[in-house]
Student: 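One structure follows; several queries about it will come next.
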Amino acid sequence: MSALRLYDSLTRQVRDFVPLIPGRASIYVCGLTVQSEPHVGHVRSAVNFDVLRRWLSASGLAVDFIRNITDIDDKILTKSAEQGRPWYNLAYDMSRALDQAYTSLNVLPPTYEPLATGHIPEMVELIAELIDAGHAYVAPDASGDVYFDVQSWPAYGELSGQRVDDMEAAADADPRGKHDPRDFALWKGHKESEPVTASWPAPWGRGRPGWHIECSAMAGKYLGADFDIHGGGVDLRFPHHENEQAQSRASGRGFAQTWMHNAWITTAGEKMSKSLGNSLVVGEVIKRVRPVELRYYMVAAHYRSMVEFSFEALDEAAASYRRIEGFLERASRATGELPAGFVAAMNDDLGTPAALAVLHDTVRAGNKALAAGDSAVAEAGSVVAMLSVLGLDPADPAWGTASESGLHGALDALVSTLLEQRAAARAAKDWAAADGVRDALKAAGVEVEDTPEGPKWSLS
RNA sequence: GGUGGGUUGGCCGAGAGGCGAGGCAACGGACUGCAAAUCCGUGAACACGGGUUCAAAUCCCGUACCCACCUCCA
């Protein structure tokens with residue numbers, strides 16, 4: 001069996017994945033800042049890394065998977081003030097919406113999902129270490145801010161491939177207290193204009209953590225000083241991941257062995273921004289296609305390729321998925337093996353497009369066997385195994401809810417009655433009456449097809 | 001100004017020196033009362049201009065256009 005190779009953003013090459021601890025894989029993925037409803041761009045990251053996680057598990061590794069939630073930051077404070085409600089209420093509401101979006105797309109829950117606000121002591125400890133080591137300093141202007149000293153860490157810029165001198169100044173704090181304009185905030189002193197609830201005690205005064213320090217602290221707490229993979233969207237590469245790397249290594253931790261970054265979903269040729277409106281919010285998109293079809297759409301592109309989102313392409317993906325689903329409905333479901341081609345594709349930096357090509361080839365072979373009167377058990381088993389690795393098994397209980405299956409039962413009873421009438425008309429060769437029933441059902445959104453086992457119906 | 005990615009058939013989307021990924025759509029055939037589904041088959045692509053090579057979508061140089069990051073962002 002081939003070995004897993006992954007593209008590492010730090011060294012910019014595809015490398016063999018060798019876990020620090022044999023048989024285990026530790027992953028930290030930057031989750032979201034919960035400040036608005038999640039759109040399809042946001043969840044791509046979660047779906048991509050969910051596929052990674054499932055593949056590692058399928059490869060026999062025990063996976064420790066941590067994905068954080070940033071529930072305190074500038075934007076949350078600004079937005080909640082605009083909306084006239086407590087910042088923690090906005091953050092909580094949005095984190096519940098996010099959770100719902102993840103669940104609807106069959107993204108497995110992480111091992112743990114730490115909140116930034118729950119780990120202030122760990123951050124304070126880490127900042128203190130950095131101050132002691134001479135890599136951070138308390139701003140001399142009595143603001144209570146603490147900055148990372150970029151000049152004290154020569155490797156700064158290694159992750160994003162930039163030289164410090166080419167960089168623009170960080171603008172997340174008043175530059176008056178900084179040694180160097182590129183220094184970034186580890187701790188932001190409390191301001192009178194901000195709610196007292198958004199501040200915590202620290203040796204250098206009340207305040208709140210900077211954005212970057214939280215991931216360093218939480219990754220360290222749950223995965224240790226050294227872990228295997230750190231993931232997130234490409235936009236996080238700089239400054240967020242660069243800063244995490246600098247802080248963590250400057251404090252003597254080895255930090256991530258491999259950095260993985262997923263590409264964007266764009267719309268109208270541009271990055272999907274949070275100000276685009278509601279049409280691409282996950283909850284809206286899954287009114288048009290089923291969640292499993294949206295997930296298929298995301299998995300069909302390589303995680304490092306930009307995807308130009310369009311509803312047309314989404315509909316195509318849905319049609320493609322239904323072909324697979326249709327095969328499984330006709331074949332007898334079984335358990336089976338992963339084809340070697342599929343394994344090789346997944347091992348090659350999670351080559352999901354090539355993996356899906358193998359899946360479709362298997363579906364064709366299976367359909368062919370069915371057409372020849374065979375049961376296609378082997379193919380069906382393989383297809384189920386592949387789908388399950390990708391989180392796309394249509395029989396996964398994650399896709400259905402009790403109320404939906406109840407509705408389905410009621411509908412089935414009604415449709416069956418109509419189909420009996422149609423069967424009677426067909427037996428009498430009254431094609432007009434038979435087609436009338438089928439047309440009426442179609443108008444209601446129910447497709448009927450005749451099979452050797454009798455008529456079958458499905459929602460179109 | 002600095003950094004990274006991209007441009008593939010009607011559409012989506014892989015590949016990364018020689019064997020036409022796969023899907024969607026289209027067309028022809030088989031099957032069907034007719035459809036649908038399925039099977040068989042068909043066509044068609046590598047932004048542009050040079051170069052290297054026996055051989056280039058793939059490597060090199062140049063050009064154009066697009067996107068992202070350098071400020072909060074998946």
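Letters go in sequence order (proteins before strands), and every chain restarts at 1. Nothing here was measured: the structure is a model prediction, and the numbers come from that model.
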Student: Taking the C1' atom of each, how far is B/U38 from B/G49, in whole Å?
Tutor: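 Comparing C1' positions in B/U38 and B/G49 gives a spacing of 48 Å.
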Student: Work out how far the P atom of B/G29 is from that of B/A35, and round it to whole angstrom.
Tutor: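 Rounded to whole Å, the distance is 12 Å.
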Student: Check whether the ring centres of A/His241 and A/His212 lie less than 6.0 Å apart, and answer yes or no.
Tutor: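 No - the distance between ring centres of A/His241 and A/His212 does not fall below the 6.0 Å cut-off.
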Student: Would you check if the side chain of A/Ser248 reaches a backbone N or O of A/Gln245 as a donor-acceptor pair within less than 3.5 Å?
Tutor: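 Absent.
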Student: Could you tell me whether a side-chain N or O of A/Thr111 sits under 3.5 Å from a main-chain N or O of A/Phe65, the two making a donor and an acceptor?
Tutor: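 Yes; judged by distance alone, with no hydrogens or angles, the pair exists.
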Student: Whole Å only: how far is the CG atom of A/Asp235 from the P atom of B/G5?
Tutor: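 Atom CG in A/Asp235 sits about 17 Å away from atom P in B/G5.
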Student: Could you check if a side-chain atom of A/Val282 sits within less than 4.5 angstrom of a side-chain atom of A/Ser104, using non-hydrogen atoms only?
Tutor: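 Of all side-chain heavy-atom pairs linking A/Ser104 with A/Val282, at least one is under 4.5 Å.
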Student: Quickly work out the A/Glu214 CD to B/C72 P distance and round it to whole Å.
Tutor: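 Those two atoms, CD and P, are 13 Å apart.
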Student: Any chance you could lay out the salt bridge (charged side-chain N to carboxylate O under 4.0 Å, His left out) test for A/Arg322 and A/Glu293, step after step, and finish with the verdict?
Tutor: CA-CA 8 Å; A/Arg322 284 194 210 106; A/Glu293 292 163 350; 3.3 Å; yes
Student: Rounded to whole Å, please give me the gap between CG in A/Leu314 and P in B/C24.
Tutor: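 It works out to 15 Å between those atoms.
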Student: For A/Ser26, does its backbone N or O pair with a side-chain atom of A/Asp228 as donor and acceptor, under 3.5 Å?
Tutor: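 Present.
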Student: What distance, rounded to whole Å, do you find between the two C1' atoms, one in B/G22 and one in B/A14?
Tutor: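 So the two C1' atoms sit 8 Å from each other.
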Student: What integer number of Å spans the C1' atoms of B/A56 and B/A36?
Tutor: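 B/A56 and B/A36 have their C1' atoms separated by 45 Å.
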Student: Tell me which nucleotide among B/G23, B/A74, B/A36 gets nearest to the side chain of A/Ser320.
Tutor: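 Nucleotide nearest to A/Ser320's side chain: B/G23.
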Student: Look at the side chain of A/Arg438 against the base of B/A35 and say whether a donor-acceptor pair falls under 3.5 Å; ignore hydrogens and angles.
Tutor: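 A donor-acceptor contact between them is present.
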Student: Dot-bracket, RNA chain B: Watson-Crick or G-U, under 3.5 angstrom, [ ] crossing, | other strand?
Tutor: (((((((..(((.....[...))).(((((.......)))))....(((((..]....))))))))))))....
Student: Please confirm whether the backbone N or O of A/Leu10 pairs with a side-chain atom of A/Asp8, one donor and one acceptor, at under 3.5 Å?
Tutor: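 Such a contact is found between A/Asp8 side chain and A/Leu10 backbone.
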Student: Mind calculating the distance between CD (A/Gln162) and C1' (B/C70) to the nearest angstrom?
Tutor: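 It works out to 5 Å between those atoms.
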Student: Would you please indicate yes or no on a ring centroid separation below 6.0 angstrom for A/Phe327 and A/His360?
Tutor: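 Centroid separation for A/His360 and A/Phe327: 6.0 Å or greater.
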Student: Without swapping roles, check the side chain of A/Arg295 against the backbone of A/Leu105 for a donor-acceptor pair under 3.5 Å.
Tutor: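 Looks like yes, one N/O pair under 3.5 Å.
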Student: Side chains of A/Tyr102 and A/Val47, heavy atoms from C-beta outward: is any pair under 4.5 Å?
Tutor: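 Side chain of A/Tyr102 against side chain of A/Val47, heavy atoms only: no contact under 4.5 Å found.
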Student: Show the distances under 3.5 angstrom between N or O atoms of the protein and N or O atoms of nucleotides 42-45 of chain B.
Tutor:
none

Student: Identify, between A/Glu312 and A/Leu236, the residue whose nearest nucleotide on RNA chain B lies closer to the 5' end.
Tutor: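 Per heavy-atom nearest nucleotide, the more 5' residue is A/Glu312.
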Student: Return the polar atom pairs (N/O with N/O) between nucleotides 13-18 of chain B and the protein under 3.5 Å, or none.
Tutor:
| from | atom 1 | to | atom 2 | distance (Å) |
| --- | --- | --- | --- | --- |
| B/A14 | OP1 | A/His302 | N | 2.8 |
| B/A14 | OP1 | A/Ser305 | OG | 3.0 |

Student: In chain order, what residues pass the ring pair (Phe, Tyr, Trp, His ring centres under 6.0 Å) check against A/Tyr296, with sequence neighbours excluded?
Tutor: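 Only A/Tyr321 meet the ring pair (Phe, Tyr, Trp, His ring centres under 6.0 Å) criterion with A/Tyr296.
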Student: Starting at the 5' end of RNA chain B and moving along, which residue's nearest nucleotide shows up first, A/Ala432 or A/His240?
Tutor: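 In this pair, the answer is A/Ala432.
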Student: Kindly assign one of parallel, tilted or perpendicular to the pair A/His119 and A/Tyr222, based on the angle between their ring planes and the thresholds 30° and 60°.
Tutor: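 Ring orientation, 0 to 90° scale: perpendicular.
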Student: Stepwise, does the salt bridge (charged side-chain N to carboxylate O under 4.0 Å, His left out) test hold for A/Arg438 with A/Asp435?
Tutor: CA-CA 5 Å; A/Arg438 188 169 61 191; A/Asp435 290 351; 3.5 Å; yes
Student: For A/Gly41, answer base if it contacts any base atom (sugar-phosphate contacts may also be present), sugar-phosphate if it contacts only those atoms, and nothing otherwise; contact means non-hydrogen atoms under 4.0 Å.
Tutor: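 Here A/Gly41 touches the bases of the nucleic acid.
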Student: Please pick, from B/G33, B/C24, B/C72, the nucleotide with the shortest atom-to-atom distance to any side-chain atom of A/Asp435.
Tutor: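 Comparing B/G33, B/C24, B/C72 against the side chain of A/Asp435, the answer is B/G33.
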Student: Mind checking the P distance from B/C39 to B/C60? Whole angstroms is fine.
Tutor: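 Comparing P positions in B/C39 and B/C60 gives a spacing of 41 Å.
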Student: Taking the six-membered ring for Trp, are A/Tyr147 and A/Phe184 closer than 6.0 Å centroid to centroid?
Tutor: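 Ring-ring flag for A/Tyr147/A/Phe184: false, centres at least 6.0 Å apart.
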Student: Please give the distance between the C1' atoms of B/G13 and B/C46 as a whole number of Å.
Tutor: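 Result for the C1' pair: 13 Å, nearest Å.
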Student: Measure from the side-chain heavy atoms of A/Trp264 and tell me the nearest of B/A68, B/G22, B/C34.
Tutor: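 The nucleotide sitting nearest to the side chain is B/A68.
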Student: If I pick the P atom on B/C66 and the same atom on B/G23, what distance separates them, to the nearest angstrom?
Tutor: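 34 Å, rounded to whole Å.
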Student: B/A16 and B/U7: how far apart are their P atoms, nearest whole angstrom?
Tutor: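 Looking at atom P only, B/A16 and B/U7 are 13 Å apart.
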Student: Please determine, for the side chain of A/Arg422, which listed nucleotide (B/C34, B/C70, B/C24) has the closest atom?
Tutor: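 Nearest listed nucleotide: B/C34.
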Student: Using a 4.0 Å heavy-atom cut-off across all strands, classify A/Gly31 as base, sugar-phosphate, or nothing.
Tutor: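 The answer is sugar-phosphate, as A/Gly31 gets under 4.0 Å only of primed atoms, P, OP1 or OP2.
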Student: Could you tell me how far apart A/Arg12 (CZ) and B/C69 (P) are, to the nearest whole angstrom?
Tutor: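 It is 16 Å, rounded to the nearest whole Å.
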Student: Could you check whether the side chain of A/Arg237 and the base of B/C70 have a donor-acceptor pair of N or O atoms closer than 3.5 Å, going by distance alone?
Tutor: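 It does not, because no donor-acceptor pair links the side chain of A/Arg237 to the base of B/C70 below 3.5 Å.
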Student: Using whole Å, what does the distance between atom P of nucleotide B/U71 and atom CG of A/Asn243 come to?
Tutor: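 It is 10 Å, rounded to the nearest whole Å.
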Student: CZ of A/Phe184 versus C1' of B/C70: gap in Å, rounded?
Tutor: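 So the CZ-C1' distance, A/Phe184 to B/C70, works out to 15 Å.
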Student: Please check: side-chain N/O of A/Arg15 versus main-chain N/O of A/Arg5, any donor-acceptor pairing under 3.5 Å?
Tutor: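 Not at all, since once roles are kept as given, no pair shorter than 3.5 Å links the two residues.
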Student: Is there any protein nitrogen or oxygen under 3.5 Å from a nitrogen or oxygen in nucleotides 38-41 of chain B, and what are the pairs?
Tutor:
| from | atom 1 | to | atom 2 | distance (Å) |
| --- | --- | --- | --- | --- |
| B/U38 | O3' | A/Asn367 | ND2 | 3.3 |
| B/C39 | OP1 | A/Arg323 | NH2 | 3.1 |
| B/C39 | OP1 | A/Asn367 | ND2 | 3.4 |
| B/C39 | OP2 | A/Arg323 | NH1 | 3.4 |
| B/C40 | OP2 | A/Arg364 | NE | 3.4 |

Student: Does any N or O in the side chain of A/Asp50 come within less than 3.5 Å of the main-chain N or O of A/Leu108, such that one atom is a donor and the other an acceptor?
Tutor: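 Yes: the side chain of A/Asp50 pairs with the backbone of A/Leu108.
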Student: Treating A/Ser9 as the side-chain partner and A/Trp259 as the backbone partner, does any N or O pair qualify as donor plus acceptor under 3.5 Å?
Tutor: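 Yes; judged by distance alone, with no hydrogens or angles, the pair exists.
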Student: Can you check the A/Glu316 CD to B/A26 P distance for me, whole Å?
Tutor: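 Atom-to-atom, A/Glu316 to B/A26, this comes out as 11 Å.
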Student: Just call it for A/Val448: base, sugar-phosphate, or nothing, with non-hydrogen atoms closer than 4.0 Å on any strand.
Tutor: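 Base: the residue A/Val448, judged by heavy atoms under 4.0 Å, touches a nucleobase.
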Student: Short question: side chain of A/Gln83, backbone of A/Ala81 - any donor-acceptor pair under 3.5 Å?
Tutor: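 No; zero donor-acceptor contacts below 3.5 Å.
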Student: Do any N or O atoms of the protein come closer than 3.5 Å to N or O atoms of nucleotides 30-32 of chain B, and which pairs are they?
Tutor:
none

Student: Nearest to the side chain of A/Asn262, which nucleotide is it out of B/A35, B/C67, B/A74?
Tutor: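 Between B/A35, B/C67, B/A74, the one nearest the side chain of A/Asn262 would be B/A74.
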Student: Taking A/His42's backbone N and O only, do any of them form a donor-acceptor pair with A/Ser45's side chain (distance below 3.5 Å, no angle check)?
Tutor: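 No: the side chain of A/Ser45 does not pair with the backbone of A/His42.
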Student: Below the 4.0 Å mark, does B/A74 have OP1 or OP2 next to a side-chain nitrogen or oxygen of A/His42?
Tutor: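 Yes, A/His42 has a side-chain N/O under 4.0 Å of OP1/OP2 on B/A74.
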